[in-house]
Amino acid sequence: MLLEVMNIRKTYGKVVAVEDVSFSIGRGEVFGLLGENGAGKTTTIKMLSTLATPDSGRILLNGRDIRKYRRETRKSIAVVSQDMNLGYELSVFEVLYIYALLRGIRNSKKLIDETIAKMGMTEKRNSKVGTLSGGQKRRVMAARAMLSGAELIFMDEPTIGLDPAVRREMWDIIRQMQADGRSILLTTHYTDEAEYLCGRVAIMEKGRIVSMDTPQSLIDCAGAFAVDINSRTLLFRDNDAADDYIAKESLTGHRVRRTKLDDVLVSSIGRAV
Amino acid sequence: MTEALMGTYAVFYREMLIFKYKLMRLGYVFYSVSTPILYLLAFGLGFGSRVQIPDYGAFLIQGIVCMSSMTNSFNMVSVSVGMGRLHSGEFQTVLTSPVKASAIMRGLVLSGVVRGLFASTMILLAGLFVFHVFPFTFVAFVALVLNTAFFSAAGVIIGVVIDDMENHAVLTNFIIMPMAFFSGTFYPVDFLPHWLQKLVWLLPLSHANKLIRAGELNAETLPSFILLLGLTAVCFTAGTFMLNRYNE
């Protein structure tokens, strides 16, 4: 395993932000953390990326405790944060050049230009970040992670606020990173994104992981068939069970369909996200 | 270049790029030096001939140069770190990179020194224009470097500890501004009541003012130099320690 997270806990005063969270990420895996705002996803990423120290529990990267091997950990990770943390006055090239210096990458100019080209941003190379669209800024952030050479990339809601077409472009970039052999921890609100990208997902609620498996296993476990009744959705293990329920309750105006990860998330945390 | 030097250069280069772009907006230059130049004109032209201080124009220029070096280096660094940490999240990008805390500290302090020296130069030029004097020596330059380094290092510490940018304004109003007014910027510390003088000599800006005006290192000014050097080292070490132990 590349990353092993064991029973981590983090509190802020009396507020328990993360409680007894454990999971692992393999090499080349895209692992998803799903949950509503305040579920503890960002705090988890902060602990994994060495920005926050857990109150208890252990985090191992390549078998080494990240608290003891901070610099080595930081060499192996990159963070694509929720904030557009690029520096609005700087150009795309400058942002990447400074990041390359921070990562200790020598003679980086050619590599930066290649990365910019890979992101389809060549014409924006010298544009100020402040003049870019939301999608372009996200691509620059992804370019930074790609440039880093990190084996584990934390992506905290990388598609939040993007329109559907640009979201799909980001999905392609994430897939490309995975194809390059990177492991990715992805937090997201979007279940379609998690379903498309993640090999496994963990659903978080109130700082805890309430379920964790492959998207399809989570769906099968919760019930592969969904019955929508007004704004409510009930999950059933198969079509017959759904039909029996409909007949028994004499339901009308309902809809039967295949369960989606969205339904699992709603049923796991007990309310719509 | 070693990795540590690359890290220092990355932090310094980023700050300098942002500084360059700000300088290209003339409003920024005006904003950063307008208040000290206003002090220079108001105190120099208003009190100049009435104050019992020989060559008050030169005295005032030296004091305001020292004050501007303090406010510019402190504000620029603390705002950059504070805003980058609390609002844009840019500082977290630096913290999660493999750069050593001491290298980050070096880059930030260097950038604060450059900004402080830039503001000082502007005041010196304004003083030359208004009072036709240029009261500056090599020792004054060394004192300015130390002063800006100390306040830049203090700026890093404040930028790391504040949890709201409003706290930054409070700190500036209650610590930096009183220091500017009581540490010998506009009049000698000797003019103050005896009990207050004792307090004022605890402030680093008083020693920077003393050094800048002395023009040479001698038995009287050497303690101020050593004190300023020591305080800078302490602040630098404390800032490095805090960056090392950074925990959100």
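We name chains A, B, ... by the order of the sequence lines, and we start the count at 1 in each one. Quantities reported herein were computed from a predicted structural model and do not represent experimental measurements.
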- Proximity breakdown for Thr8(B) and chain A, heavy-atom pairs closer than 4.5 Å: neither
- Item | Over 12 foreign heavy atoms within 6.0 Å of CZ, Phe19(B) | yes
- Query: Under 6.0 Å from the CG atom of Asp164(B), do we count more than 12 heavy atoms belonging to anything else shown?
  - Reply: yes
- Query: Would a distance-only check, ignoring hydrogens and angles, find a side-chain to backbone donor-acceptor pair under 3.5 Å from Arg70(A) to Asn244(B)?
  - Reply: yes
- Does one side chain, of Glu248(B) or Tyr12(A), offer a donor that lies under 3.5 Å from an acceptor on the other? no
- Message: Quick check on Lys75(A) against chain B: is it the side chain, the backbone, both or neither that has a heavy atom closer than 4.5 Å?
- Response: both
- Would you mind checking if Glu3(B) and Arg71(A) are paired as a salt bridge, meaning a charged N to carboxylate O distance below 4.0 Å? yes
- By a 4.5 Å heavy-atom criterion (distance strictly below it), what part of Arg106(A) contacts chain B: side chain, backbone, both, or neither? both
- Query: Taking every heavy-atom pair that is under 4.5 Å apart, which of Glu94(A), Met84(A), Arg144(A), Met47(A) has the most such pairs with chain B?
  - Reply: Glu94(A)
- CD1 of Ile98(A) to OH of Tyr9(B), rounded to nearest 0.5 Å, is 9.0 Å
- Query: Do Arg74(A) side-chain atoms and Leu95(B) backbone N/O form a donor-acceptor pair below 3.5 Å?
  - Reply: yes
- At a heavy-atom separation under 4.5 Å, does Tyr21(B) approach chain A through its side chain, its backbone, both, or neither? side chain
- Message: Measuring from atom CG of Leu102(A) to atom CZ of Arg14(B), what distance do you get when rounded to the nearest 0.5 angstrom?
- Response: 9.5 Å
- Shortest non-hydrogen pair, Ile18(B) vs Glu89(A), comes out as CG2-OE2, 4.0 Å
- Note on the structure: Pair count under 4.5 Å, heavy atoms only, with chain B: among Thr43(A), Thr50(A), Leu90(A), highest is Leu90(A)
- Task: Mind checking the OH-OG spacing from Tyr88(A) to Ser88(B)? Nearest 0.5 Å is all I need.
- Result: 8.5 Å
- Just wondering, are more than 12 heavy atoms of other shown residues or ligands nearer than 6.0 Å to NZ in Lys100(B)? no
- Task: Answer whether the closest heavy-atom distance between the side chains of Val11(B) and Leu101(A) falls below 4.5 Å.
- Result: no
- Message: Can you confirm whether Gln92(B) sits close enough to Asp83(A) that some side-chain heavy atom of one is under 4.5 Å from a side-chain heavy atom of the other?
- Response: no
- Query: Is it true that the side chains of Asn85(A) and Thr93(B) contain a donor and an acceptor less than 3.5 Å apart?
  - Reply: yes
- Message: Please classify the contact between Ser49(A) and chain B as side chain, backbone, both or neither, with a heavy-atom cut-off of under 4.5 Å.
- Response: both
- Message: Heavy atom to heavy atom, less than 4.5 Å: which residues from residues 114-126 of chain A reach chain B?
- Response: none
